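First up is the structure itself, then whatever we jot down about it.
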Amino acid sequence: MRSGGRTVRVGWALPAALGLAALAAVLLGTWVGGLDSGGSAGTGAVRSGVGLAVAVARLATDGLGAAGIGLALLPLLVDGRAAGRERAGTDAGARARSAALHRAARLGVLLGAGWAIAALLALWLQAADAAGTGPFEVPPAVLGDYAGGIAAGRGLLLTLGSAVLLMCLQLSALVRWAGAAASAHPGGGSRAGRVDRPRYPELAVGAGLLGMLAGPVTGHAAGHASHDPAVLAIALHVVAASGWVGGLLAIVLVLPRQPRLVAVALPRFSTVAGYCAATVAVTGVLSAVFRLPTPVALVNTGYGLLVLAKAACLVALLGLGWRARRRLLGRLAGLAGGRSGSPAPLAGWLGLELVAMAVVFGLAAALAGAAP
């Protein structure tokens, strides 16, 4: 990706910054979530010595899951057969798309494996937390009982299975794109032009969403008095947030040096992100209404303060998204149409959005372990 004539290389710096921002948010959020109404440290958020580790593992599980969903979405965003402003049949366009989606599939395999490991780690730590013991003191029988007999444990098993399925689907896509890349050499351009996306990319998206939904719908919302609306609200919240965050992250990680593909993918994603943002805002308000006993709890409980912090970050995200759409999409339209010119300064705007999203994910991980 170019910004002001300079090539912007997205290496490990952005993922590291996002990880640090999310980790700082979950650490601070876990402390705030443990404050009682009197402002002293309580025990609601950290029930045992591994409570903080549980929150960090939950953050890793949610973050890797959202990133995996975004990579699964990318073939739909750069689908050459639906690109009205770029000819899918050109050899250059087919090769660029094939190379980008080959990279997405490769990252998807790695993230799927990492997501599975994070889910296993979260299961182990939550079983230790529930038993009130250290992680290395959990008997296998207790771990098995938690995984099979507790809703949260079964949810993590479903997340683990979904992560493995997503990894396998991305591995299948990787093999497909490797074959397309080989056929893109001289004499193979016609075959490469016909390979526009993996088979059934919606299945990979569905597997990712199923894994993300398992934890939240078996958590606090499942035991709430208003069970059905609470579970529906949190399910829609998680789906919208995962698509929003994951899609943007996938564009930044996979397409940094493909401005024309960005010009095709980002306007489509911007439309999807608008619906996701609206859904996140509405369902977040509904979830807070279901969880908090009174409006005053917003300011005199740690849980309420976390809700307010998430709301503030969401307002900042909406502002950044609106400004980026206003400033960038016009220039991107020119690139998608093949006109020359300097691409819009995407890296800065999208990086700011992702940092704010990382903070929100950290606060959400802390919020999931806090009591209102």
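Source: prediction; values computed, not measured.
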Just wondering, do [Y] and [X] contact through their side chains at under 4.5 Å, heavy atoms?
X	Y	result
Asp62	Arg58	yes
Arg97	Leu101	yes
Leu363	Val26	no
Met212	Val239	no
Val252	Leu14	yes
Leu317	Trp244	yes
Leu71	Leu249	no
Met167	Leu111	no

Answer yes if [X] and [Y] sit in the same cluster of Ile, Leu, Val, Met, Phe, Trp and Tyr residues linked by side chain heavy atoms under 4.5 Å apart, and no otherwise.
X	Y	result
Leu292	Val32	yes
Leu367	Trp31	yes
Leu123	Leu210	no
Val272	Leu76	no
Leu318	Leu354	yes

Main-chain N/O of [Y] paired with [X] side-chain donor or acceptor, under 3.5 Å:
X	Y	value
Ser172	Cys168	no
Arg103	Leu253	yes
Trp115	Thr61	yes

Side chain to side chain donor-acceptor pair (under 3.5 Å) partners of Thr279, counting only residues at least two apart:
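With neighbours one apart ignored, the set is empty.
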Give me the atom names and distance for the closest heavy-atom approach of [X] to [Y].
X	Y	value
Ala233	Thr283	O-CB, 3.4 Å
Val78	Ala265	CG1-CB, 3.6 Å
Ala207	Ser162	O-CB, 3.3 Å
Leu74	Ala104	CD2-CB, 3.9 Å
Val138	Thr133	CG2-OG1, 3.6 Å
Ala152	Tyr146	CB-OH, 3.6 Å

Straight-line distance of [X] [atom1] to [Y] [atom2], nearest 0.5 Å:
X	Y	atom1	atom2	result
Leu121	Leu160	CG	CG	12.0 Å
Leu143	Gln126	CG	CD	11.0 Å
Leu232	His237	CG	NE2	13.0 Å
Asp129	Leu52	CG	CG	10.5 Å
Leu266	Leu248	CG	CG	7.5 Å
Leu209	Leu166	CG	CG	10.0 Å

Decide side-chain contact (heavy atoms from CB on, under 4.5 Å) for Thr159 and Leu213; before the verdict, give the C-alpha distance in whole Å, the side-chain angles of both, and the deciding distance to 0.1 Å.
CA-CA 8 Å; Thr159 298; Leu213 283 173; over 6 Å; no
Report the C-alpha separation of Leu18 and Val355 in whole Å, then their side-chain angles, then the decisive distance to 0.1 Å, and conclude whether the side-chain contact (heavy atoms from CB on, under 4.5 Å) test is met.
CA-CA 6 Å; Leu18 298 180; Val355 169; 4.0 Å; yes
